[in-house]
Amino acid sequence: QVQLVESGGGLVQTGGSLRLSCAASGRTFGIDRMGWFRQAPGKEREIAAAISRSAGSTYYADSVKGRFTISRDSAKNTVYLQMNSLKPEDTAVYYCAAAEGLYWRGKYDYWGQGTQVTVSS
């Protein structure tokens, strides 16, 4: 069992910055891939960024490239999402997710409860 807890959300103005944190606890030794998803009101959940420790790779949605940076501190079992140049369309609940195993199986196994990010225009 793995528990994920997000923090760092809040209200910011357009052009501002926030850093989200996701702390993993429990049986975290099998976790390799972690990602950040977001869901705006009335819209479907979408992936914003992901990181794989074994592959040493990152992924960013086109909508956040150049503005968001995902990073991971394995010693602290924590993943971060640095969000710069925020836009109103970034407003959403942001969820942290984690997948077990060294190979991508097409799904995430664990999810956090989410943290609200609101960007005012």
Side-chain angles (χ1 to χ4, degrees):
Q1 290 284 83
V2 173
Q3 295 80 44
L4 304 176
V5 179
E6 303 97 334
S7 63
L11 174 64
V12 298
Q13 295 181 335
T14 297
S17 298
L18 283 174
R19 189 180 76 157
L20 305 183
S21 299
C22 174
S25 61
R27 302 181 186 274
T28 62
F29 52 85
I31 298 298
D32 178 70
R33 189 181 308 272
M34 299 186 71
W36 286 98
F37 292 77
R38 64 186 187 179
Q39 186 168 20
K43 297 183 179 180
E44 296 294 319
R45 182 185 63 191
E46 63 178 6
I47 190 168
I51 186 168
S52 173
R53 181 173 62 181
S54 62
S57 61
T58 57
Y59 166 84
Y60 297 97
D62 289 341
S63 58
V64 308
K65 284 183 179 178
R67 300 188 298 119
F68 290 11
T69 302
I70 188 170
S71 61
R72 187 173 184 173
D73 187 338
S74 296
K76 297 182 178 180
N77 294 317
T78 301
V79 66
Y80 306 94
L81 185 66
Q82 178 67 46
M83 306 185 295
N84 299 325
S85 302
L86 284 164
K87 306 174 181 179
E89 51 262 45
D90 295 319
T91 295
V93 176
Y94 284 71
Y95 298 91
C96 179
E100 293 183 333
L102 298 177
Y103 304 98
W104 177 236
R105 296 175 290 108
K107 69 180 183 68
Y108 285 87
D109 301 295
Y110 307 100
W111 294 84
Q113 293 185 318
T115 184
Q116 176 70 48
V117 172
T118 303
V119 184
S120 61
S121 60

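Here the structure is a predicted model, which means the values were calculated and not measured.
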Derivation and outcome, side chain to side chain donor-acceptor pair (under 3.5 Å), residues Q1 and Y110: CA-CA 8 Å; Q1 290 284 83; Y110 307 100; 4.9 Å; no
If you group Ile, Leu, Val, Met, Phe, Trp and Tyr by side-chain heavy-atom gaps below 4.5 Å, do I51 and W36 land in one group? yes
Sorted by chain and number, sequence neighbours left out, side-chain contact (heavy atoms from CB on, under 4.5 Å) with T118 holds for L11, T91, Q116
Verify same cluster id: Y95, V64 (apolar side-chain graph, 4.5 Å): no
Find the distance between CG (N77) and CD1 (I31) and round it off to the nearest 0.5 Å. 9.5 Å
Report whether L86 and V93 are members of the same hydrophobic cluster (ILVMFWY, side-chain heavy atoms less than 4.5 Å apart, transitive linking). no
Do you reckon Y80 sits in the same ILVMFWY cluster as L4, going by side-chain contacts under 4.5 Å, direct or chained? no
May I ask you to test the M83-V117 pair for a side-chain heavy-atom distance under 4.5 Å? yes
Cluster link Y60 to I47, ILVMFWY, side chain under 4.5 Å: no
Sequence neighbours excluded, which residues qualify as ring pair (Phe, Tyr, Trp, His ring centres under 6.0 Å) partners of F37? Y108, W111
Could you grab the distance from atom CZ of R38 to atom CG of L20, nearest 0.5 Å is fine? 11.0 Å
How close do A98 and M34 get, counting heavy atoms only, and between which atoms? CB-CG, 4.1 Å
For E6 and Q113, indicate whether the former's side chain and the latter's backbone hold a donor-acceptor pair under 3.5 Å. yes
Rounded to the nearest 0.5 angstrom, the OG1-CD distance for T28 and E100 is 10.0 Å
Quick one: OG on S17 to CZ on R67, what's the gap to the nearest 0.5 Å? 10.0 Å
Do the side chain of S121 and the main chain of P88 share a donor and acceptor less than 3.5 angstrom apart? no
Quick one: name the residues clustered hydrophobically with Y103, using the 4.5 Å side-chain heavy-atom rule over I, L, V, M, F, W, Y, and just say none if it's on its own. L102
Apart from F29 itself, what residues make up its hydrophobic cluster when side-chain heavy atoms of I, L, V, M, F, W and Y under 4.5 Å apart count as a link, directly or indirectly? none
Has the side chain of R33 got a donor or acceptor atom that lies under 3.5 Å from a matching backbone atom of A99? no
side-chain contact (heavy atoms from CB on, under 4.5 Å) filter on D62, not counting sequence neighbours, yields K65
Using a 6.0 Å cut-off, check whether atom CD of Q13 has over 12 heavy atoms from anything other than its own residue. no
Other cluster members, V5 - Ile/Leu/Val/Met/Phe/Trp/Tyr, side-chain contacts below 4.5 Å: none
May I ask you to test the R72-I70 pair for a side-chain heavy-atom distance under 4.5 Å? no
Tell me whether T14 contacts the main-chain N or O of K87 through its side chain, where contact means a donor paired with an acceptor under 3.5 Å. no
